[in-house]
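Here the structure is laid out as structure tokens; the discussion comes afterwards.
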Protein chains: 2
Amino acid sequence: MSIRAAAPTRREQILSEAARLFAARGFHGVGVDEIGAAVGISGPGLYRHFAGKDAMLAELLVGISERLLTGGRHRVAEAAGDPGRVLSSLIDGHVDFALDDQALITLHDRELDRLREADRKLVRQLQRQYVELWVEVVRELHPEVGEAEVRVAVHAVFGLLNSTPHLAALGREATESLLRRLAHGAFGALSA
Amino acid sequence: MSIRAAAPTRREQILSEAARLFAARGFHGVGVDEIGAAVGISGPGLYRHFAGKDAMLAELLVGISERLLTGGRHRVAEAAGDPGRVLSSLIDGHVDFALDDQALITLHDRELDRLREADRKLVRQLQRQYVELWVEVVRELHPEVGEAEVRVAVHAVFGLLNSTPHLAALGREATESLLRRLAHGAFGALSA
DNA sequence: CAGGGCCGTTAGCGGTCGTTAACCTGAGCT
DNA sequence: AGCTCAGGTTAACGACCGCTAACGGCCCTG
């Protein structure tokens, strides 16, 4: 067996290219032929791997939401009992994610409404649980701030961290460090 | 002549409804029939007012960008010489805008690529000038921070302020005040 | 009251898009 | 060697969509 990561399966190739294209031109703006061409097959060939175009988007969005939530839970458990460290870890994780998977971040809040009812509900539920991780730890750090306010602040910081797609070049590490500082600064202003 | 604001023209009605629909379902996801129906006429009737669907989006995006830039310049001139007050004023203005025109804010960074080359260039140029207003004043307040870093921070704070569309209810004034504090907090972390 | 814009209407055209159908091919197993 | 099946191919269908054509009513003006 190889030491290197396994070669991506055809399914994974398709998902990766679809994410890129959806992020660039919007779900409705990309045709199946184009997605097929991006992985070297023709449009209808995709139907050997996915039930339809919708299914690709659904799998992408559910996948992101699950990865975010799982990662978040891991970090919360790891630093449990130290809210400051938990928040830092959540921020670090989200920054990494935003910088590694810009296309997915873009899709995540842009194309949710294109999903079938059932998938949309699932994604929203996962998102809600992820937000809840943040809200809980921020509330521990700022007990005097109301829950609704904290929830808004968390969403706002997501907006800040997810701004990644429109960033000028600055080098990976510098950008990471800057985004972390900005996020901490925003939360710090909660109890000023 | 009436004291009340003039009734919106048909053109303005169309633009307003188109903005709402584009924001909700994406440019490609909305048909002209639907836009027409939203103002009480049928699809092709729109062509008495606009050259095409693209023209509506173009007018919306150029309009937003111009209003942001004009408002920003006004505020810069008004408080010239006091960078702290200028930044606060820019933040206030942007918060008001984001809360008043959520649909436009959404379109502004989501559907830019659907424009014809010429319009897209114009919008980008206006956006760049607006960003520059912010970058200049933030640099005055944090002279030790590099320009690239400041530019990233400004974009990130835009992301924070523009997160408005996914906000839980909290009352207009409370939301305004919170967003302002968060933005100031983020910028404050620039030279920590 | 005649005439001409303004602002609608409906019908329909041309193109695109997601999806299905029918067929093909090469690798692997028996 | 022959069967199976995963994973492609091209052709074509049906729906939809942006837009134009052709037409009509209403209001304002001379």
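Proteins come first, then strands; the chains are lettered A, B, ... in the order of their sequence lines, and each starts at number 1.
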_Closest non-hydrogen atom pair, A/Val62 against A/Leu126_ = O-CD1, 4.2 Å

*Looking at DNA chain D, which of residues 112-123 of chain B put a heavy atom within less than 4.0 Å of it?*
none

Where do N or O atoms of nucleotides 24-28 of chain C meet protein N or O atoms at under 3.5 Å, pair by pair?
none

Output side-chain donor-acceptor pairs under 3.5 Å for residues 182-190 of chain B, partner residues at least two apart or in another chain, one line each.
from     : atom 1 : to      : atom 2 : distance (Å)
B/His184 : NE2    : B/Ser88 : OG     : 3.4

*Under the 3.5 angstrom rule, does the side chain of A/Thr175 hit a backbone N or O of A/Gly171 as a donor-acceptor pair?*
yes

*Considering only heavy atoms from C-beta outward, does the side chain of B/Leu69 approach that of B/Gln127 to under 4.5 Å?*
no

*asked:* Is it the case that over 12 heavy atoms from other parts of the model lie below 6.0 angstrom from the CD atom of A/Glu173?
replied: no

_Test: salt bridge (charged side-chain N to carboxylate O under 4.0 Å, His left out). Region: residues 66-81 of chain A. Which pairs qualify, not counting sequence neighbours?_
A/Arg67-A/Asp101

_Atom pair distance, as rounded to whole Å: CZ in B/Arg10 and C1' in C/dC7_ = 9 Å

*asked:* Regarding A/Val39, tell me which of base, sugar-phosphate or nothing describes its non-hydrogen contacts under 4.0 Å with the strands shown.
replied: nothing

*Please list all pairs passing the salt bridge (charged side-chain N to carboxylate O under 4.0 Å, His left out) test where one or both residues lie in residues 37-65 of chain A, with sequence neighbours left out.*
A/Arg11-A/Glu59

_Counterpart residues, salt bridge (charged side-chain N to carboxylate O under 4.0 Å, His left out), relative to A/Arg116 (two or more places apart)_ = A/Asp119

*Close residues, residues 47-57 of chain B, relative to DNA chain C [heavy-atom separation under 4.0 Å]*: B/Arg48, B/His49

*Closest nucleotide of DNA chain C for A/Gly29 versus for A/Pro44: which of these residues is on the 5' side?*
A/Gly29

_Over the length of the helix from C/dC1-D/dG30 to C/dT30-D/dA1, how much do the five-pair end axes diverge, rounded to 10 degrees?_
0°

_Reported CG-to-CZ distance for the pair B/Leu15 and B/Arg20, which is rounded to 0.5 angstrom_ = 13.0 Å

_Using a 4.0 Å heavy-atom cut-off, does A/Gly45 contact any base of the nucleic acid, only the sugar-phosphate backbone, or nothing at all?_
base

*For residues 149-169 of chain A, pull every pair meeting side chain to side chain donor-acceptor pair (under 3.5 Å), keeping only residues two or more places apart or in separate chains.*
A/His94-A/Asn162, A/Glu132-A/Arg151, A/Glu147-A/Arg151, A/Glu149-B/Arg181

*Does any non-hydrogen side-chain atom of B/Leu161 lie less than 4.5 Å from one of B/Phe97?*
no

*asked:* Main chain of B/Glu12, side chain of B/Thr9: is a donor-acceptor contact present, judged purely on distance under 3.5 Å?
replied: yes

*According to the interplanar angle, ranging from 0 to 90°, do the rings of A/Tyr130 and A/Phe158 count as parallel (below 30°), tilted (30 to 60°) or perpendicular (above 60°)?*
parallel

*Tell me, please, the opening and closing nucleotides of DNA chain D, 5' to 3', among those with an atom under 4.0 angstrom from a non-hydrogen atom of chain B.*
D/dG18 to D/dC23

*A/Asp100: what forms a salt bridge (charged side-chain N to carboxylate O under 4.0 Å, His left out) with it, not counting sequence neighbours?*
A/Arg172

*Contact list for residues 80-91 of chain B, test salt bridge (charged side-chain N to carboxylate O under 4.0 Å, His left out), sequence neighbours left out*: none

*In whole Å, what is the span from the CG atom of A/Leu46 to the P atom of C/dT20?*
13 Å

